[in-house]
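All values below were derived from every heavy atom in this structure, side-chain atoms included, with hydrogens, water molecules and symmetry-related copies excluded. Quantities reported herein were computed from a predicted structural model and do not represent experimental measurements. Numbers for residues simply follow the sequence, beginning at 1.
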Amino acid sequence: MVFSDSHGRLAEMRSVVKNEARFDMLLHAGDYGDDLARLVMEEGFKVPFYAVRGNCDYDSECARQEMVEVNGIKIFLTHGNRQGVKTGINRLYYYALEQGADMVVFGHTHRPLVKNTGELYVLNPGTIAMPHGYGKSYGIIEIDENPHRRIDIKTVVLGR
């Protein structure tokens with residue numbers, strides 16, 4: 001399960017996590033990435049979690065970017081502000097490829113995006129707290145453990 005741009009609003013994240021049937025990992029693409037650690041601690045989840053720092057994370061201990069491997073798939077996790085994603089994703093796209101990623105997960109725009117170019121899966125879960133006309137949203141990544149590693153990524157907009 002993937003979140004971004006929670007901006008301190010844990011109630012929305014908590015509700016989503018409690019209503020989802022099952023998840024094996026939690027990711028947060030910045031702007032209050034520390035919310036994820038707080039949620040995991042408060043709810044007692046026993047799953048790995050990774051969060052990065054965004055442009056609004058002034059005192060965060062989170063890294064600016066992470067490479068997370070799941071079933072042989074390398075997921076590059078970043079906020080996206082340093083790659084200028086509000087004006088397009090080309091810089092982020094090529095940077096993720098240079099890092100050896102199979103997938104890039106980012107935030108910053110508060111707009112959900114799902115894309116598969118054949119070279120790279122791209123996911124922006126949107127924002128769980130402060131939508132800009134798109135609705136509150138989060139992402140789901142499914143990666144099969146079988147040798148074919150079927151990958152499915154999607155965003156879920158709350159209330160739809």
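Remark: the backbone N or O of Tyr121 is not paired with any side-chain donor or acceptor of Asn116 at under 3.5 angstrom. Counting only distance, with no hydrogens or angles, the side chain of Asp31 and the backbone of His7 share no donor-acceptor pair below 3.5 Å. Between the side chain of Asn124 and the backbone N or O of Pro112 there is no donor-acceptor pair closer than 3.5 Å. A distance-only check finds no donor-acceptor pair linking the side chain of His110 to the backbone of Gly126 [under 3.5 Å].
When every heavy atom of Phe3 is checked against every heavy atom of Pro125, the shortest pair comes out as C-CG, 3.8 Å. The two residues Ser4 and Gly30 have their closest heavy-atom pair at OG-O, 3.6 Å. Scanning both residues, Tyr50 and Leu77, for their nearest heavy atoms gives O-CD2, 3.8 Å. Contact between Ile128 and Met13 at its shortest, heavy atoms only, is CG2-CG, 3.7 Å. Pairing each heavy atom of Tyr138 with each of Val2, the nearest pair is CB-O, 3.4 Å.
Counting non-hydrogen atoms of other residues, nucleotides and ligands closer than 6.0 Å to CD of Glu61 gives a total of 12 or fewer. Within 6.0 Å of CZ in Arg82 there are 12 or fewer heavy atoms belonging to other residues, nucleotides or ligands.
Within the model, atoms CZ of Arg111 and CG of Asp5 stand 12.0 Å from one another, a figure rounded to the nearest 0.5 Å. Considering CZ of Phe23 and CD1 of Ile140, their distance stands at 11.0 Å, rounded to 0.5 Å. Separating the OG atom in Ser6 from the CG atom in Leu39 is a distance of 9.0 Å, to the nearest 0.5 Å. Atoms CZ and CD, on Arg53 and Gln65 in that order, are 11.0 Å from each other to the nearest 0.5 Å. Going from atom CZ of Phe45 over to atom CE of Met25 covers 15.0 Å, rounded to the nearest 0.5 Å. Between atom CD of residue Glu20 and atom CE of residue Met1 there is a gap of 4.0 Å, rounded to the nearest 0.5 Å.
Under the 3.5 Å distance criterion, with hydrogens and angles disregarded, no donor-acceptor pair is assigned to the side chains of Asn81 and His108. A donor-acceptor contact closer than 3.5 angstrom is absent between the side chains of Tyr95 and Thr78. A donor and an acceptor atom, one from each side chain of Glu119 and Tyr93, are located under 3.5 Å apart.
A 4.5 Å side-chain heavy-atom check between Asp24 and Val70 finds every atom pair outside the cut-off.
Cluster membership check: Leu123 shares its hydrophobic cluster with Leu27, using side-chain heavy-atom separations under 4.5 Å among Ile, Leu, Val, Met, Phe, Trp and Tyr.
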